[in-house]
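Just so you know, ligand 1 is whichever comes first in the structure, and atom 1 is the first atom listed for that ligand. Values in this document were obtained by computation on a predicted structure and should not be read as measured data.
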Amino acid sequence: MRTGVWLVGARGSVATTSIVGALALRAGLTGPTGCVTELSELRGPAWPSFADLVFGGHDVAATPLAKRAEALADAGVVPARLVAALGEELAAVDDDVRPAPVGGTQADRAAAVVADLAAFRERHGLDRVVVVNVSATEPAARPHPAHADPDALAAALAAGGEVLPPSSLYAYAAFTAGCPYVDFTPSTGARLPALAALAARHAVPYAGHDGKTGETLLKSVLAPMFAMRHLAVRSWSGTNLLGGGDGATLAQPEANAAKVASKQRVLGEILGYVPQGDTRIDYVEELGDFKTAWDLITFAGFLGTGMRLEFTWHGCDSALAAPLVLDLARITAAAHAAGRHGPLTDLAFFFKDPLGPADSVPEAGATADRTPSHALGEQWARLAAFAADLHAGAGTPPAGGAA
Ligand SMILES: NC(=O)c1ccc[n+]([C@@H]2O[C@H](COP(=O)([O-])OP(=O)(O)OC[C@H]3O[C@@H](n4cnc5c(N)ncnc54)[C@H](O)[C@@H]3O)[C@@H](O)[C@H]2O)c1
C-alpha cells in the first residue's frame, strides 16, 4: 500500500526527524525502537511498510531538509552518520516539499493545498495520502459563525478574511482532497463542527490532538496509580524547560496557553478532581530539542499522612515524537483503507488531548461513545483491540499479536 505522508511543517524538527528515521528504516540503517506499530502486540498486515511511505509536505521555511537534518545531527538529535548516508534521499524528499500557499482568499490557499496533494498522489502513484500537522503551535482559534457548518464555511473562505487558523485550513484542504488528517499539535486543526461534518461528507478519518511524549506521558501513567491506590493527590506542579523551534513558539503567551490547557486536562480527568498546582513551560534556548520536566507531587495516604513524589525527565522531544508520527501515519492509512471515517478515538494512546465523541457528527439514534480515557494502560488496550481489528480485516490476524 503506497502511502503518502504529507507533513505540514515539513522542515521542522519533528518532521525532519520523522523523515530521516523512515529513510533510515527503509535502508536498514536503524531499528524501529520507539515505533509502537512494530511491537508484537500491534504489528500486522494492515500497516503499510516503512518502504511504502513516501514523504512530502508544506512549510513556510525554505532551508533544505538536508541542512535541517545536519543541524539536528549537530545538536545530537539524530546520528550524523545517518544524515551523511541519506543525502540523496533527503534531497529527493525536498523536491516534494512545497512552500505554504500565501496570498488570495483562504479558499484560494485551500485550493492550492488540494492541488499540491493531488499532484503528489499522482506523481508517486499513491493509494492514499495522510496529512500530518507537525507545524508550529498556534493560538486558540477565534470563534466564527461559519465554524458550525461546512457550506457556510466554504462561502466564508471565498468571501475573504481569516476565517480559519492555518491548521484548520490544512484540515479543510485534506478532507476536500479525500485525505485523512492527523494533528500532532495542540492547534485547532480538525476540531470544529464544520470540519467534522466535512470529514463525514468525504468519509475520511482523522486523529489528534497533541502528541503525548514527555511530562504528560508520565502523568498518564502515575495519576492512574494514585487513583487505583485511593491515594489523595493534594498538589501536582510541573515546570518544563525547552528550547528549539517549539520552545521559541511556546515562549509566546497565546501559544503557551494553548499548550498548557492541553497538558492540564489529563489530571482532572484521571483523578476526578483537580489538585492544586500549575504546569509551566519556559523557553531556554541553550537546551535545543532536549526538554527537562520537573514535577513535584504531594499526596496523602491512610490517616491523612502526607507524602511526596518528585521526578525529573530529560527527553529529546523530536526523537520521542518522530516514531509516533510514523505510527500515526501507518495506522491512519490502514484505518482509511478499511473504510473507517470520523474521529479515530481509539488512537487516544498517542495524544495529550485526544478526540472524543464530542468531536463526531451526531448521528440519529447513535448512543454516545465512551469518553476517551487519559490513562495510558486503558488507552493501550483500546489501541491493541483497534489494531487487531484492522489486521483481521486486512488478511491474516496477528499470530499471538505478531505477524
Ligand atoms: N516534539 C514533541 O515531543 C512534540 C510533542 C507534542 C506536540 N508537538 C508539536 O509538534 C509541532 C512541531 O514541533 P517541532 O519541534 O518540530 O517545531 P519546529 O518549530 O521545529 O517546526 C515547526 C515547523 O512548522 C513550520 N511552519 C510554521 N507555520 C507554518 C505554516 N503555516 N504552514 C506550514 N509550515 C509552517 C515552521 O517553519 C517549522 O519548520 C509543534 O506544534 C509541537 O507543539 C511536539
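Considering backbone and side-chain N/O atoms, Asp317 comes within less than 3.5 Å of an N/O atom of ligand 1. Geometrically, ligand 1 and Pro186 share no nitrogen or oxygen pair separated by less than 3.5 Å. Of the N or O atoms in Thr185, none lie within a sub-3.5 Å distance of an N or O in ligand 1. Of the polar atoms of Lys352, none of the N or O atoms is found under 3.5 Å from an N or O of ligand 1, judged by distance alone. At under 3.5 Å, a nitrogen or oxygen of Thr137, whether backbone or side chain, sits near a nitrogen or oxygen of ligand 1.
Under a 4.0 Å criterion applied to the non-hydrogen atoms of Ala61, ligand 1 contributes the atoms 37 (O). Residue-ligand proximity, Ala321 to ligand 1, at heavy-atom distances under 4.0 Å covers atoms 1 (N), 2 (C), 3 (O). Counting atoms of ligand 1 from 1 in the listed order, those under 4.0 Å from a heavy atom of Asp210 are 6 (C), 7 (C). Annotation for ligand 1: atoms under 4.0 Å from non-hydrogen atoms of Arg11 are 39 (O). Distances below 4.0 Å separate heavy atoms of Tyr170 from the following atoms of ligand 1: 32 (N), 33 (C).
Shortest contact from atom 4 (C) of ligand 1 to any protein heavy atom: Phe184 CE2, 3.9 Å. For atom 38 (C) of ligand 1, the nearest protein heavy atom (residue, atom name, distance) is Asp59 OD2, 3.7 Å. If you check which protein heavy atom lies closest to atom 22 (C) of ligand 1, you get Ala136 N, 3.7 Å. Looking at atom 15 (O) of ligand 1, its nearest protein heavy atom turns out to be Asp246 CB, 3.5 Å. At the top of the distance list for atom 16 (O) of ligand 1, counting protein heavy atoms only, stands Val14 N, 2.8 Å. Nearest protein heavy-atom contact of atom 6 (C) of ligand 1 is Gly211 O, 3.0 Å. When hydrogens are left out, the protein atom nearest atom 20 (O) of ligand 1 is Ser13 N, 3.0 Å; that is the closest non-hydrogen contact.
Between Phe184 and His209, the gap from one ring centroid to the other reaches at least 6.0 Å. A distance below 6.0 Å separates the ring centres of Phe226 and Phe299.
Considering only non-hydrogen atoms, atom 31 (N) of ligand 1 lies nearest to Pro166 out of Gly244, Cys316, Gly245, Pro166. Compare Ser167, Ser18, Gly12 by their heavy atoms: the one nearest to atom 23 (C) of ligand 1 is in Gly12. Around atom 35 (C) of ligand 1, the closest heavy atom drawn from Ser135, Gly214, Ala248 belongs to Ser135.
Side-chain contact check for Asp96 versus His124: some heavy-atom pair is nearer than 4.5 Å.
Judged by distance alone, the side chains of Ser13 and Arg68 do bring a donor and an acceptor atom under 3.5 Å apart.
Using the six-membered ring where Trp is involved, His58 and Tyr170 have ring planes that are tilted, between 30° and 60° apart. The aromatic rings of His147 and His144 lie tilted to each other, with the angle between the two planes from 30° to 60°. A tilted orientation is assigned to the rings of Trp380 and Phe349, their planes being inclined by 30° to 60°.
Using modelled atom types, no side-chain atom of Ser18 and backbone atom of Thr16 make a donor-acceptor pair closer than 3.5 Å.
Looking at Asp346 and Arg382, a side-chain N of the basic residue comes within less than 4.0 Å of a carboxylate O on the acidic one, giving a salt bridge. Salt bridge annotation for Arg26-Asp52: absent, with no cationic side-chain nitrogen under 4.0 angstrom from a carboxylate oxygen.
By the 4.0 Å heavy-atom criterion, Val60 is counted among the residues contacting ligand 1. Val134 counts as a contact of ligand 1, since one of its heavy atoms falls under 4.0 Å from the ligand.
Expressed to the nearest 0.5 Å, how far CG of Asp353 lies from OG1 of Thr216 amounts to 10.0 Å.
Environment of CD in Gln276: sparse, with no more than 12 heavy atoms of neighbouring residues, nucleotides or ligands closer than 6.0 Å. Within a 6.0 Å radius of CZ in Arg142, no more than 12 heavy atoms belonging to other residues, nucleotides or ligands are found.
When each of Lys352, Glu269, Gln379, Lys219 is paired with His374, the side chain to side chain donor-acceptor pair (under 3.5 Å) condition holds for Glu269 and for no other.
Within the 4.0 Å heavy-atom criterion, the part of Thr213 lying near ligand 1 is the side chain and not the backbone. Only the side chain of Ala100 comes within 4.0 Å of ligand 1, counting heavy atoms alone; its backbone N, CA, C and O stay farther away.
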